[in-house]
Every structure is written in structure tokens, then in C-alpha cells.
Amino acid sequence: MHSYVHSVFLDEQKCTGCTTCLRHCPTEAIRIRNGKAEINEARCIDCGECIRVCPHKAKKAVCNKLDAMDRFRYKIALPAPTLYGQFDNLDDVDYVLTGLKRLGFDEVFEVSKAAELVSAYTRLYLNTEGVKKPVISSACPAVTRLIALRFPSLKDNLLRMLPPMEIAAGLAREKAEREHPELKPEEIGVCFISPCPAKASYVKNGFASYKSRVDVVVSISDLYFQLINSMSHTEQPETLSDSGMIGIGWSSSGGEATALFNDSYLAADGIDNVIHVLDQIENGNIPPLEFIELNACTGGCVGGVLTMQNPYIAKSRLQILRRYLPVSQNLLPTSEQYIPEGYFFNDDPEYQPISQLSSSMAESMRMLADIQALRGRLPGLDCGSCGAPTCRAFAEDVVKGTAKESDCILTMRDTLRAYLESQKEDGHDGA
Ligand code: SF4
Ligand code: SF4
């Protein structure tokens, strides 16, 4: 089992132990211990929800700084399409792309271009006999990790294609190697400009045996002011953009699904909705569908916690931008019948069901019985004062040995009251 490298961390100095994040974490990864939040790394999916809700800015995402690209001779920027929705009155994507080049990048390769190719190949994928339906998008890394941890029975439904960020990285590298044979491969650096910490974690961890081809991840929020400054000095942008409505549409929930030209789909966004839909698929409670698009962030990638703008405003800006674009600049020739090998990931990710209590069935059953018995003794208020998000999670912690029953202040109070009463009955006044 390899350990997962996360991008979401706690700044202990700022944490007051207020329990806000505890109540919002979708995987119950947070506990409050000694007055500070602690993240259980095995459970965290890097969704960024705790960053979004912390009133004290004690949770943060760790990405690279732009100067991490200095070590490369040839620098390539991969802007996520969400980046285009961050600017007022933008009527031409080329201002953003030229602005990036002015910041020191030798080349820009739009992730939206790769998204159009992924859409085209997903249409072929859906028509392939034997593919398990509904096919679940594998583009949001928080969702794929959630499936690995909580819904391993749905692993065969995952679209086995790499996300646009990785396809863009591969194509951009190949282009640079073709056009600049004087460069060694290690002299070419690829920088993804990210809307969320989950994508930064994907780059650090890869996916199963697949290793990311991105070298550096810089957040949109970190680059924003430098980029605005650079764009404001651009009078005549270069003609660089090579994607259309489909590619830019991937930034918002529903964009990936509508690009399949197939009405039999469902698109859900926001981590609670995603979990609900996965529960329903697992229980067989959804109508027969071809494709399911799931985004952990509200509104899709435009709602990523590393963006600058409100997701609804960003979405409306992107809709205006899309109006002047062709449907796609990357349609496949009709003769194309096969998906290139480089678009696939071959191995399943490591499935580590977090609900599994022990590798031994007998031990799991015993622990489950203990958890149920303890739950019956707990007040059931889910108050969080024990440091766990719910009484059920607390009971599990106690049975696993990571918490003590006496950490529940209500149980403590009742125990103390019973003790004082027994003392009174024995003739002690408790003084
Ligand atoms: S929300 Fe969580 S991380 Fe933020 S101060 Fe409260 S307990 Fe600490
Ligand atoms: S990033 Fe998401 S899963 Fe991880 S601790 Fe924060 S809220 Fe929980």
C-alpha cells in the first residue's frame, strides 16, 4: 500500500478547534484532538471543503510557486479552462494565453483543447461493446479517490481514460520534443494552472501505476494578479487559442456530459450531491443511463477552492466567451474508430475501503457489534464535543482504540451524576 501525498493541510497556529470543518468534511476525515483539527490522511480526498468553510483560514492547499518552473529551459503552461472565467470583460481567450507567455512561458497548451479530444474519444468509448454502464467520469480526482475509498463496487464503471490535464501534458511535451529536438526531455517543464487542490494531489500521486506528466502545479489564485498585470500590457494578443465551446464548457458542471451528444446522462456537482448519486448508483436506484458526470465542487471546476471568482459569475462569463466560438476545434475525422493507447490508464487505482474495520471477517463483525452497542449508550446528538463528527464515528473511534468513551462529555456527565448519587446513598455528602 503506498501512502497518499495530500495537498490540504492545517495551519495549527490559526486553528481554534471550532469544529466547523469537522461538521463539513464529507469523508469524516477530521477529528478535533487537544483543541486542534487533525486530518486522517487515509480518509481525506483533498476536496477542499474544509478550506472553504474554515472561518479562521486555518486550512490551506499547498501548491507550487511559479518560480518552481525556473529549473526548466523550456516552460509550458497548461491553463485550466476555469482560468478564463476569472476576468471581467474578457472577450478573447488569447489575452490570457498571451499574458501567460509574457510571464515567462515559452508555450501554452490549453487543457480545453485536450478536453475536446477526450470528449471525442469518450463518444467512441461509450459505443464500445462490453463497457459497464453507467460510465462514471474520471475527470474529478476528488471523485475518483472517493470511489476508491467509499464505493469500490463502482470501480468498473469508471471511465478508463486520463483526464484532460494529463492528455494536455502529454501532447504538449510531444509537441515541444518535436519542435525543439535540441532539448533534453528533462529540460521541458509542464505547469498546470489549477482550480483545486485535488488536481495538485493527482499530480503528486498519479493514478494507480500511471505517473503524472505535469511537473509543477500553480493555483489560479496565486497567479491571478501577476496574470492580470501581464494581460493589461497586452495590446495585440498572439493567435494561440485552439479550442471551442466544448472544451471551455468542461469548466462547469454538465459541460463534459453535454459534449457527448447523448441525452442519457446525469451531471451532479457539490460533494454532498456526488455522494448521494454514488449511493443511489450503488443501490441500483437510478434509471438506466449511459454517462454520469460528477464534480466535487459546486458548479464544477469553476467552484474550485483555488479560484478567485464566485462560481456562478465565472460560469456566466464563460458562457459569454463561448458564444463567439465554434462548437469544437478538435473533432475527430469520421474514419477514426480507435482510441489511442495514450488516452487510457491501465491499472485500477488502489482500493482502500474506509468502511472496512479489519481484514478479518470475524474481527470486523465483532467490532461492528461493539460499535452498535456503544452507539446505543451514546446520546445520539452528534454534538461534536468529543472531537468526532457524529456519535457513530465516535463509537467507531472508541472501538478502534483512537478515542476513549469518557471523551463524550454527556456520558461523562451521566457517569458523574450516577457516582454522586451513589455517594449520597452511602451517606457521603460529596464535600
Ligand atoms: S474550521 Fe477546523 S481548521 Fe478551521 S479553526 Fe475550526 S477546527 Fe480549526
Ligand atoms: S480536504 Fe475534504 S476530505 Fe480532506 S479533510 Fe478537508 S473536507 Fe475532509
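First listed ligand is number 1; within each ligand, the first listed atom is number 1. Just so you know, these numbers use all the heavy atoms, side chains as well, and skip hydrogens, waters and symmetry mates.
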Enquirer: Where on Lys59 is there a heavy atom closer than 4.0 Å to ligand 1, on the side chain, on the backbone, on both, or on neither?
Expert: side chain
Enquirer: Assess Ile32 for proximity to ligand 1: is some non-hydrogen atom of it under 4.0 Å away?
Expert: yes
Enquirer: Relative to the heavy atoms of Thr27, which atoms of ligand 2 are at a distance of less than 4.0 Å?
Expert: 3 (S)
Enquirer: Which atoms of ligand 2 sit under 4.0 Å from any heavy atom of Cys44?
Expert: 1 (S), 3 (S), 4 (Fe), 5 (S)
Enquirer: Between Cys50, Ala142, Cys196, Ala296, which one has a non-hydrogen atom sitting closest to atom 7 (S) of ligand 2?
Expert: Cys50
Enquirer: Is the distance from the ring center of Phe87 to that of Tyr224 below 6.0 Å?
Expert: yes
Enquirer: Which atoms of ligand 2 are found less than 4.0 Å from any heavy atom of Ile30?
Expert: 5 (S)
Enquirer: How far is atom 4 (Fe) of ligand 1 from its nearest protein heavy atom, and which residue and atom is that?
Expert: Cys54 SG, 2.3 Å
Enquirer: Note the single closest protein heavy atom to atom 8 (Fe) of ligand 2, along with its residue, its atom name and the distance in Å.
Expert: Cys25 SG, 2.3 Å
Enquirer: Taking 4.0 angstrom as the limit and counting only heavy atoms of Glu49, give me the atoms of ligand 2 inside it, by number and element.
Expert: 7 (S)
Enquirer: Suppose we call two aromatic rings close when their centres sit under 6.0 Å apart. Are Tyr210 and Phe345 close by that rule?
Expert: no
Enquirer: Going by the order shown, which atoms of ligand 2 are within less than 4.0 Å of some heavy atom of Pro26?
Expert: 7 (S)
Enquirer: Which residue and atom name correspond to the protein heavy atom nearest atom 6 (Fe) of ligand 1, and how close is it?
Expert: Cys18 SG, 2.2 Å
Enquirer: Looking only at protein heavy atoms, identify the closest one to atom 3 (S) of ligand 2 and say how far it is in Å.
Expert: Ile45 N, 3.3 Å
Enquirer: Measure the distance from atom 2 (Fe) of ligand 2 to every protein heavy atom, then report the residue, atom name and distance (to 0.1 Å) of the closest one.
Expert: Cys47 SG, 2.4 Å
Enquirer: With heavy atoms of Thr19 as the reference, note each atom of ligand 1 found under 4.0 Å away.
Expert: 6 (Fe), 7 (S)
Enquirer: Give the numbers and elements of all ligand 2 atoms closer than 4.0 Å to a heavy atom of Asp46.
Expert: 1 (S), 4 (Fe)
Enquirer: I'd like to know if Cys21 contacts ligand 2, where contact means a heavy-atom distance under 4.0 Å to any ligand atom.
Expert: no
